[in-house]
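Computed from heavy atoms alone, side chains included, the values below leave out hydrogens, waters and symmetry copies. In what follows, chains are A, B, ... by sequence order, proteins preceding strands, each numbered from 1.
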Amino acid sequence: MAGPGMVDLTLRIRRFNPDVRPDPWWEEHTIEAEPNDRLLDALHRVKWYQDGTLSLRRSCAHGICGSDAMLINGRNALACKVLVKDVAPRVTVEPIRGLPVLKDLIVDMEPFFAGYRSILPFLVNESDPGDRERRQSPEERARFDDTTKCILCAACTTSCPIFWGDGEYVGPAAIVNAHRFVFDSRDQAGKERLAILAEKSGVFRCRTTFNCTEACPRGIKVTQAIQEVKRAVLFNRA
Amino acid sequence: MTTVHTYDAVVVGAGGAGLRAALEASKSVRTAVISKLYPTRSHTGAAQGGMCAALGNVEEDYPEWHAFDTVKGGDYLVDQPAAQLMAREAVDAVIELEHWGFPFNRTPDGKIDQRRFGGHTRNHGEAPVRRACYAADRTGHMILQTLYQQAIRNDVRFFNEFYVLDLLLTPDGRAAGVVAYELASGELHVFRAKSILFATGGYGRIFRVTSNAHTLTGDGPGLVYRRGIPLEDMEMYQFHPTGLYKLGILVSEAARGEGGILLNGQGERFMERYAPTIKDLAPRDMVSRAIYQEIKEGRGVDGKDYVLLDVSHLGAEVIDEKLPDVTDFARVYLGVEPKREPIPIQPTAHYAMGGIPTDIDGRVVSGPEETPVPGLYAAGESACVSVHGGNRLGTNSLLDIVVFGRRGGAHMAEYARSAALPALPDEPERPIAQLLEHLLGESGDQRVADIRSELQEQMFDLAGVVRREDGLRKLLDILPGLRERYERITVQDKGRTYNTELMEALELGFMLDVSDTVATGALARDESRGAHYREDHPLRDDVHWLKHSLAYRQDDGSVRLEFKDVKMGPYVPMERKY
């Protein structure tokens, strides 16, 4: 039984370790935690005091670095932004879907980053800016504010049923990052970027299931951003 | 099997300093970036408030004022020529980021907007000045993203999730390469290079309450220290006044820059007593000490060890537009709504002013004579230029990483163009292979997590905001015991694939090394300066201590200190009042 002010939490964790056996398996661990502890803290308690072989990625532990996206009770979230009190007494933790699992909660992120790289995720402006800043009004700046928040955690992309079923689809995160440049008044590569997104692997694969918006730990209106990019492709303008 | 890679330049670490250095170096020489994380996970991304540069976009400002504030903020332990250079280059550094697409907040006429920040003042301390360029409260995130975007554009070669564990030197002391452990496979890799730059960040994780990521364990400073290179000013560690209570998660100084105030348990705006002119915008060391004093004198909240940060009067619009992330942290982790109620905060271990000693071109310099180590470079928090001296001003870290990342990258490329590829020692990976074998093979009775949490407790209590001789002596008695226990740890995971338990064990080794230097430096410096506050020596002592410490590892593992003079300039040390 948990001590005063503490709760018991049972974590049901999907494990995989190619060094040990070829197929995944489930394991359960029960730990004691404070209600306000993060699920990441609970996973650490398992790793540090019960089973050192449990592997996961994490770094900042407060929702900024994007390392610890996981499938938590069937929904994508960052383990450092889910509190124990919201899942106790029992929680199921699995790796995010649609990317190859390498070990336990660690997946191969390369296909995800390849999608990101494909949309030219950088500002293109060949004009000479001089030695001061390019001007941009607060309204122009606000136009793409939401999509600058992306931390590339892959929670959106790996919650998308189209992405699970189709390895070609660039996925929501790549489109979010395209949006960030397409709607930046300083960018000049809109046409090129929109042409990439008009391809069969691009934005029209989206079936507007809104999983991505629900999954985003940064509160980005992902589906809306995708819709805006679709319209930009259709009307060929940013 | 060990794979050998050969490059002209190798950058270790892919935060702001490492990425900026790599962008510069890769213009002219074959460059690789090695990081134990994916680049976008680096802790640069957690920086919030801004990056200072005297653009003068919203009010009169000059680099000279910025330089003065940096020197005074650092309590005169700053090397003044370096601070002057950083303040001068700040303007171009901000403009360059803008040209690369950085989404700065804007003024109504479309210029980069600027806001107030702690210790940044008009005309040598008259009043706070609007100097910090920013993107809401995610300035570091946007710097990291912008630099990573440019790295993709320029096709920079990355080795992600490769953990660098050793520095290779030639017998005559030139940098020759590094040894890295590939997390995905458990394989060792040797990277042979003409020039190597360390940009591995800080080591806040040696303290119990910290704003730092789990991965900030002093790897870079720790491994060069093991190779006989000294670490500079390690006793100078900054505690940020406003970490979320118990968690240490950073609540940006921008909250006070925008008008937020600190209140004690009696509802008093106590900073009016400690810094009558700039109040809540005093430098971080002073505010953290003020909070410590309020709590010690019984004016914490409900007798507990925290005070309050109130932004509720700023209005929902300012909070949502300029402080969205930090107020969200309070909501998520403490269940506090900052629009209606104040946020419980306490000082949190935040930033290492000390680190690997370098000159203004990022060259690592050893000893009081500052002899360069050929081919070896450092930048960012892992380095000590020193532009932050005894206490870094808010926003100057983001500035430091781009200014000195660029300079280090430029110089390492220039060096690599003229240097021959140094020969590697025989079996260069051998010491690390043996270390891994030791860690995986032993089945001792000690757990990494136990030793680490004890280290963090003791460092926070005895080498924290306030230090005393007796506490530091006690700490120096405790540390060898922790190291002895570290020799007897067990790593349960014997596998090769993503053995993150092994990684944590290796990290703890560096944390112990770095802690030795922090504690030894803190005991030796029997004065109070900047973030280093000695209750038993509360005054600054310019006669004896206007100098940098250099901590060397001796063969028996103990620390030997040397000292070198501070590079002075136009600013004569005076009493630090705000």
(message) For a side chain to side chain contact (heavy atoms under 4.5 Å, CB included) check, start with the C-alpha distance between A:Glu140 and B:Arg106, then their side-chain angles and the critical distance, and finish with the verdict.
(response) CA-CA 9 Å; A:Glu140 288 169 328; B:Arg106 299 286 172 157; over 6 Å; no
(message) Counting the benzene-type ring for Trp, do A:His62 and B:Tyr333 have ring centres under 6.0 Å apart?
(response)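 No, ring centres 6.0 Å or more apart.
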(message) Looking at every non-hydrogen atom in both residues, tell me the closest pair between B:Arg153 and A:Leu123 and how far apart they are.
(response)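 So the minimum-distance heavy-atom pair works out to NH1-O, 3.2 Å.
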(request) Can you tell which part of B:Pro103 gets under 4.5 Å to a heavy atom of chain A, answering side chain, backbone, both or neither? (result)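 B:Pro103 touches chain A through backbone and side-chain heavy atoms alike.
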Indicate yes or no for a side-chain donor-acceptor contact from [X] to the backbone of [Y] under 3.5 Å, with no hydrogens or angles considered.
{"X": "B:His99", "Y": "A:Arg132", "value": "yes"}
{"X": "A:Glu133", "Y": "B:Ile112", "value": "yes"}
{"X": "B:His43", "Y": "A:Cys65", "value": "no"}

Could you tell me the separation between the [atom1] atom of [X] and the [atom2] atom of [Y], rounded to the nearest 0.5 Å?
{"X": "B:Thr40", "Y": "A:Ile151", "atom1": "OG1", "atom2": "CD1", "value": "8.5 Å"}
{"X": "A:Arg117", "Y": "B:Tyr148", "atom1": "CZ", "atom2": "OH", "value": "6.0 Å"}
{"X": "B:Glu504", "Y": "A:Trp48", "atom1": "CD", "atom2": "CH2", "value": "6.0 Å"}
{"X": "A:Arg38", "Y": "B:Leu247", "atom1": "CZ", "atom2": "CG", "value": "5.0 Å"}
{"X": "B:Arg138", "Y": "A:Ile64", "atom1": "CZ", "atom2": "CD1", "value": "9.5 Å"}

Measure distances from [X] to the heavy atoms of chain B and classify the residue's part below 4.5 Å as side chain, backbone, both or neither.
{"X": "A:Pro121", "result": "both"}
{"X": "A:Asp187", "result": "neither"}
{"X": "A:Tyr49", "result": "both"}
{"X": "A:Leu152", "result": "both"}
{"X": "A:Ser137", "result": "backbone"}

(request) Before accepting this row, confirm whether a basic side-chain N of the pair A:Arg141/B:Glu321 lies closer than 4.0 Å to the acidic partner's carboxylate O. (result)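 Here A:Arg141 does not pair with B:Glu321 in a salt bridge, since their nearest N and O are not under 4.0 Å apart.
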(message) I'd like to know if B:Glu161 and A:Arg57 make a salt bridge, using a cut-off of under 4.0 Å between side-chain N and carboxylate O.
(response)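 Judged by the 4.0 Å cut-off on N to carboxylate O distance, B:Glu161 and A:Arg57 do form a salt bridge.
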Residues 96-105 of chain A, side-chain donor-acceptor partners within the protein, below 3.5 Å, at least two apart:
| from | atom 1 | to | atom 2 | distance (Å) |
| --- | --- | --- | --- | --- |
| A:Lys103 | NZ | A:Ser55 | OG | 3.1 |
| A:Lys103 | NZ | B:Asp493 | OD2 | 2.6 |
| A:Lys103 | NZ | B:Thr497 | O | 3.1 |
| A:Lys103 | NZ | B:Tyr498 | O | 3.3 |
| A:Asp104 | OD1 | A:Arg15 | NE | 2.9 |
| A:Asp104 | OD1 | A:Phe16 | N | 2.9 |
| A:Asp104 | OD2 | A:Arg15 | NE | 3.3 |
| A:Asp104 | OD2 | A:Arg15 | NH2 | 3.2 |
| A:Asp104 | OD2 | A:Ser55 | N | 2.9 |

(message) Under a 4.5 Å cutoff for heavy-atom pairs, which residue among A:Arg134, A:Arg180, A:His44 has the most contacts with chain B?
(response)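 That would be A:Arg134.
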(request) Give a yes or no on whether A:Lys85 atom NZ has more than 12 heavy-atom contacts from other residues, nucleotides or ligands under 6.0 Å away. (result)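 For A:Lys85, atom NZ is crowded (more than 12 foreign heavy atoms under 6.0 Å).
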(message) Are there over 12 heavy-atom neighbours, none belonging to A:Asp131, within less than 6.0 Å of that residue's CG?
(response)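 Count not over threshold, so no.
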